[in-house]
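Heads up: the structure comes next, in structure tokens.
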Amino acid sequence: YFCKCMGLPPALHMREWHQAFLTDNSNDYLEDIAGPNTLLLAPRGSAKSTCLGLLAAWLIGRHALNKKLLRILYVSYNVDVARNKSRAIKQTINSAEYQAIFPMVRLGKDRTSDELWSIDFDFAGVKTLGEDAFTIACAGLKGTITSKRSSLVIVDDAIKSAASIANPE
């Protein structure tokens, strides 16, 4: 439903991906996607990155709706690629279609770079007291990811034609 509203109805193979990623299980940190790590292997051009970008945007909205902090570490083979994916997620969040679905989500003004940014937690009603509050932090495989505590890790294009999400509990 979300993908259709965003103007990108999922292809049949993407619906299978949705079933793999969306477990309907929740824990203290994750809504609807808790469970084992998931690896997606698919041919080049099958829209893995597009699907992961929409998934990340939807998860940001779902967590904000539930007033839960979601920190995503977006990793690719280099930080420049991850930064471009992050920028696309921000553009999705700024779109009128997204705002119609998740009006409580808007980009924050404190952390605004494509490499490290956050939604406006106060506007969304998400408590962040004492937390290193960010929404997406980007990294490359050879970069530093220490000290970035995240509840979700998305590894995209780290190896040719692979994408995954990990729940670092």
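These numbers come from the heavy atoms of this one structure, side chains and all, not from hydrogens, waters or symmetry mates.
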Review point. Any sub-3.5 Å donor-acceptor pair from T23's side-chain atoms to G35's backbone N or O?
Key: no
Review point. Are any side-chain N or O atoms of T112 and backbone N or O atoms of K109, one a donor and one an acceptor, separated by less than 3.5 Å?
Key: no
Practice item. Measure from the side-chain N and O atoms of S151 to the backbone N and O of L30, and report whether any donor-acceptor pair falls under 3.5 Å. Key: no
Check your understanding: Of all heavy-atom pairs between I93 and Q99, which one has the smallest distance, and what is that distance?
Key -> O-NE2, 2.8 Å
Point to revise | Remaining members of the apolar cluster that contains L116, side-chain heavy atoms under 4.5 Å | key: F134
Review point. Do any N or O atoms from the side chain of S95 and from the backbone of Y98 form a donor-acceptor pair under 3.5 angstrom?
Key: yes
Check your understanding: Taking only residues two or more places apart in sequence or in another chain, which ones pass side chain to side chain donor-acceptor pair (under 3.5 Å) with N25?
Key -> none
Point to revise | Any donor-acceptor pair under 3.5 Å from N66 side chain to K68 backbone | key: no
Practice item. Say whether, by atom type as modelled, one donor and one acceptor occur between the side chain of R111 and the main chain of T135 under 3.5 angstrom. Key: no
Check your understanding: Quick check: does any side chain N or O of R106 sit under 3.5 Å from a backbone N or O of N94, one acting as donor and the other as acceptor?
Key -> no
Check your understanding: Any idea how F102 and F2 line up, ring-wise: parallel (<30°), tilted (30 to 60°), or perpendicular (>60°)?
Key -> tilted
Review point. Do K48 side-chain atoms and P43 backbone N/O form a donor-acceptor pair below 3.5 Å?
Key: yes
Practice item. Output yes when a side-chain donor or acceptor of S76 lies under 3.5 Å from a complementary backbone atom of V81, and no otherwise. Key: no
Practice item. Could I get the full list of side-chain contact (heavy atoms from CB on, under 4.5 Å) partners for A64, not counting sequence neighbours? Key: M104, V105, I119, A124
Check your understanding: Are any side-chain N or O atoms of S26 and backbone N or O atoms of D32, one a donor and one an acceptor, separated by less than 3.5 Å?
Key -> yes
